[in-house]
Every structure is written in structure tokens, then in C-alpha cells.
Amino acid sequence: MILAWIYLSLFFLLQVLAVCALFIRVKKAPEPWVWPKISIWVAARNEEENILRCLRSLEALDYPDGQLEVWIGNDQSEDRTAERVLEFIEGKPRFHLMDIYTRMGKAEKKANVLAHLAHASTGDYFLVCDADIRVKPSWAKALVFDLVQGTGVVSGTTLIEGDRFFASMQRYDWLYFMGLLQSAARLGIPCTAVGNNMGFSREAYFATGGYEAIDYSITEDFKLFTEILKRGYSWKNRCDRESVSFSAPVPDMPVLLSQRKRWLEGGRELPVYWKLTLLLYGLFNPLMILLLFLHWKIALVALVARMLLQSASLVRVHRLIGEKPSVRDMVLYDGYGIVITLLSSLNFLLPGNKEWKARKYT
């Protein structure tokens, strides 16, 4: 029982620290006099249902004419993705489609697409979003704002769209993770940049040698992030109205578990202190199940305390990004979080390849 008390003390200390960090304010620098030229990358594979939503939002960006280009990399799509893109970009000189058939250096899959787009891009700064992402008109300026201050890599906040229960639970799952990411950033602890909402300078990217020179990782965004930081560049995470992007939800549980298996596999490359932190979080639910049989009152108090701190984090993140939280969904998310954590852990331990976008990841 002493070990359980030590564990709970550490767990809730981290929870309180994470919530408090979300209230740290950062002084804002003035906007640049001249906005630099930027290149936006979109890697697309079998995205015929989402790609137009993404491109329309990029077309609506508030950014000076002549200072923005969009590169879409068609990664051997087996559907009508390329056709939809070509129809949309006709007569739009900002947009360019590149079909990717060859491998560049060590790069594979999405990293290979981005490696090709990097060499075609002419911008001083590179922004990345996924084909199932919708960005706000303010998105590009928000990320570039930090990059021109000398930041090597910057990431924004992603919000899952959708009104159905499964989409809502994914939304809160993402926002809770985004809150932890922002807490780490406010405390000056390197974490990661999310690949569907990130940017970096041309200088920082090519200082790594580019994706073609980086050892392949199943989580290419985290790999690039760590390589940029290794070369002395700084990182900033944004959690505000301007930098928010909106992602389509994962359609069903098998696909979600496949996505999480890929993320957990990429987590093998995390520093030791992050692995210990994730282990601390991951042990909570199994311990609560055990305590429910041994000391149910302690388990009940711990579960309620966790829900309150988790909800406090979610409410704060919603306020930072200008969204309104749902009390009902936050309560339901606590139960969903228990189930999805246990299922993800079991699925990760099962043998077999990781699959994503109709491709196997070994």
C-alpha cells in the first residue's frame, strides 16, 4: 500500500503541475514588417474524401499574394485524390501537385513525400498540414510569426471535428494531449511537434540534411523535431485561437487502434524521462482496477480527483483556443479514456505489423 501512495502522490503532483503550467503567460513580440515567403506541404495518400476541404481552407489563408505556395504530394494514391486536386488547382498559381514515385535517400512513406516537396519549395519557411486538416485563415501567419522570431520549429493545436459520440471523444482525447504538450512547452521541457500542424525554417530543416538524410521513423514528425533540436534550434508550441487547425475524425475503433499502435511504436524513441512519465500515466487505470477490489474508497477518491484535474486542463485549453467545452462530454471522456488506454495497450502488445493508409509499417 505504501507503493500505491507513493505512486498516487507522484501522479497527482504531475497532474497539478500540468494544469498550473497552462496559466503561465508568455509575452508576445510585435508582428514582422514584411511577411516572408512560405511553402505549405500536404502529403496525400487516398484522401479523395478530405482533400478538397483541406485545399479550400488553404486557399482562404490570410497571407500576402506572391508570398505563399502550396505543394501537394500525391503518394501513389489508389483513389481519385490526384484527379480532385488537379480539378481544384486549375488556374490557381499558388498550388502545385507533385506525383511521388521514387524514394529519396533514407526517406520512406510520408517522410519521402515531404523530402521531395522540400527540394521543390522556394519559401524561407515550411509549414505542414495533413490532407484531412482544415486550417483557419489566420493559421499561416500564426506559425510564421514565431518562426521569424528565430524559432527553429513551431507547432499548433489540432482539434477533432464532428458531433457524433466517437468524434467527440477523439476531440477530448486530442485536446487533453494538446494541453499536456502546451504544459511541457510552458515549462521549457522539449516534447514533440504534431505533424499535422507544424512549421520550421528552411535553414533548420536542411541543417538536418532533410528527411532523406534522417534515419527512418514511423513517426516522422517527432524524428524531424528531435533532429532540429539536436542542432541547437529552439521550439515553441502554440495553443491559441489563431493556430488551431481542424482534423477529420478517425472513422472507427480498428483504425483508431492502428493509429495509436503507430504512435506507441514511435514512442520507443522518446527520451527516458518521457517514457517514465508515460508509464506513470499508463499505470493509473490498472492500479485503480486493483484498488477497487482492495480499497474501493481510495480508488473512488483518486478517480474523482483525476477527473477534476483532467477537466480543469480541458476547460483551460478550450478557453485558450476560443472553443466552448461540454460538461457532459468531459465526464464521458473520463470513462472513454480508461477504455481506450487499456485497448491501446493490449493492441500494442499483440504481434503483427502496424498499418496506416493501406500500408504496412514494420
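Keep in mind that the numbers below use all heavy atoms, side chains included, and drop hydrogens, waters and symmetry copies.
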query = Taking everything shown except E203 itself, do over 12 heavy atoms lie less than 6.0 Å from its CD?
reply = no
ask   = Under 3.5 Å, side chain of S344 to main-chain N/O of T341, donor-acceptor pair present?
value = no
ask   = For the ring pair H119 and F206, is the centre-to-centre distance below 6.0 Å?
value = yes
inquiry  = Show the nearest heavy-atom pair for residues Y172 and D329, with the distance to one decimal.
reply    = CE1-CB, 3.4 Å
ask   = Is there any salt bridge (Lys or Arg N to Asp or Glu O under 4.0 Å) pair reaching into residues 169-197, and which pairs are they, with sequence neighbours excluded?
value = R171-E323, D173-R260
key: Shortest non-hydrogen contact from S313 toward G179   = OG-CA, 4.5 Å
message = Tell me if a side-chain donor or acceptor on T208 pairs with a main-chain N or O of G210 at a distance below 3.5 Å.
response = yes
ask   = Is any NZ, NE, NH1 or NH2 atom of the basic residue among R94 and D65 found under 4.0 Å from an Asp or Glu carboxylate oxygen of the other?
value = yes
request  = For residues L52 and R56, determine if any side-chain heavy atom of one lies less than 4.5 Å from a side-chain heavy atom of the other.
outcome  = yes
ask   = Where do L114 and Y205 land on the side-chain contact (heavy atoms from CB on, under 4.5 Å) test, with the steps shown first?
value = CA-CA 11 Å; L114 300 182; Y205 175 78; 5.5 Å; no
inquiry  = So R306 and F11, do their side chains get closer than 4.5 Å, heavy atoms only?
reply    = yes
task = For residues T158 and L175, report the shortest heavy-atom separation together with the two atoms involved.
result = O-CD2, 4.1 Å
message = Any carboxylate oxygen within less than 4.0 angstrom of a Lys/Arg side-chain nitrogen, looking at K136 and E242?
response = no
message = Quick one, V194 and M178 - any side-chain contact, counting heavy atoms below 4.5 Å?
response = yes
ask   = Heavy-atom distance under 4.5 Å between the side chains of Q259 and L256, does that happen here?
value = yes
task = Can you tell me which residue pairs pass the salt bridge (Lys or Arg N to Asp or Glu O under 4.0 Å) test with a partner in residues 204-224, sequence neighbours excluded?
result = K106-D215, K110-E220, K223-E269
inquiry  = I need the N347 CG to L342 CG distance, nearest 0.5 Å.
reply    = 12.5 Å
request  = I would like to know whether L10 and I6 meet side-chain contact (heavy atoms from CB on, under 4.5 Å); could you show each step before the answer?
outcome  = CA-CA 6 Å; L10 289 172; I6 294 173; 4.3 Å; yes
request  = Would you check if the side chain of Y7 reaches a backbone N or O of F284 as a donor-acceptor pair within less than 3.5 Å?
outcome  = yes
ask   = Do any N or O atoms from the side chain of T81 and from the backbone of E47 form a donor-acceptor pair under 3.5 angstrom?
value = yes
ask   = Taking atom CG of D163 as the centre, does the number of heavy atoms from other residues, nucleotides or ligands within less than 6.0 Å exceed 12?
value = no
query = Backbone N or O of S57 within a donor-acceptor pair of the R134 side chain at under 3.5 Å?
reply = no
inquiry  = Is the shortest side-chain heavy-atom distance between S243 and L143 below 4.5 Å?
reply    = yes
query = Under 3.5 Å, side chain of N197 to main-chain N/O of T157, donor-acceptor pair present?
reply = yes
request  = Decide yes or no on side chain to side chain donor-acceptor pair (under 3.5 Å) for Y281 and Q15, but give the supporting numbers first.
outcome  = CA-CA 9 Å; Y281 273 81; Q15 287 269 296; 3.2 Å; yes
ask   = How long is the span from the CG atom in N112 to the CE atom in M104, to the nearest 0.5 Å?
value = 7.0 Å
request  = Spell out, as yes or no, whether a donor-acceptor pair under 3.5 Å connects the side chain of H318 to the backbone of L314.
outcome  = yes
query = In Å and rounded to the nearest 0.5 Å, what is the NE2 to CG distance from H295 to L300?
reply = 14.5 Å
task = For E49, look at atom CD and say whether over 12 heavy atoms of other residues, nucleotides or ligands are found less than 6.0 Å away.
result = no
request  = Using atom types as modelled and distance alone, determine if a side-chain donor or acceptor of R84 lies under 3.5 Å from a backbone N or O of I51.
outcome  = no
key: Any donor-acceptor N/O pair, Q67 side chain to W35 backbone, under 3.5 Å   = yes
ask   = Would a 4.5 Å heavy-atom cut-off, applied to side chains only, mark M253 and I340 as touching?
value = yes
Distance in Å, Q149 CD paired with S234 OG, rounded so as to fall on 0.5 Å steps = 10.5 Å
ask   = Taking the side chain as C-beta and beyond, is there a heavy-atom pair between L22 and R319 under 4.5 Å?
value = no
query = Which class fits the ring pair F177 and W174: parallel under 30°, tilted 30 to 60°, perpendicular over 60°?
reply = perpendicular
query = Is there side-chain contact between S247 and D130, with at least one heavy-atom pair below 4.5 Å?
reply = no
query = Only one of Y211, Y125, W41 clears ring pair (Phe, Tyr, Trp, His ring centres under 6.0 Å) with F200; which?
reply = W41
query = Is there a donor-acceptor contact under 3.5 Å from the side chain of E227 to the main chain of I214?
reply = no
ask   = side-chain contact (heavy atoms from CB on, under 4.5 Å) between V153 and L224: does it pass, once the steps are laid out?
value = CA-CA 9 Å; V153 56; L224 180 64; over 6 Å; no
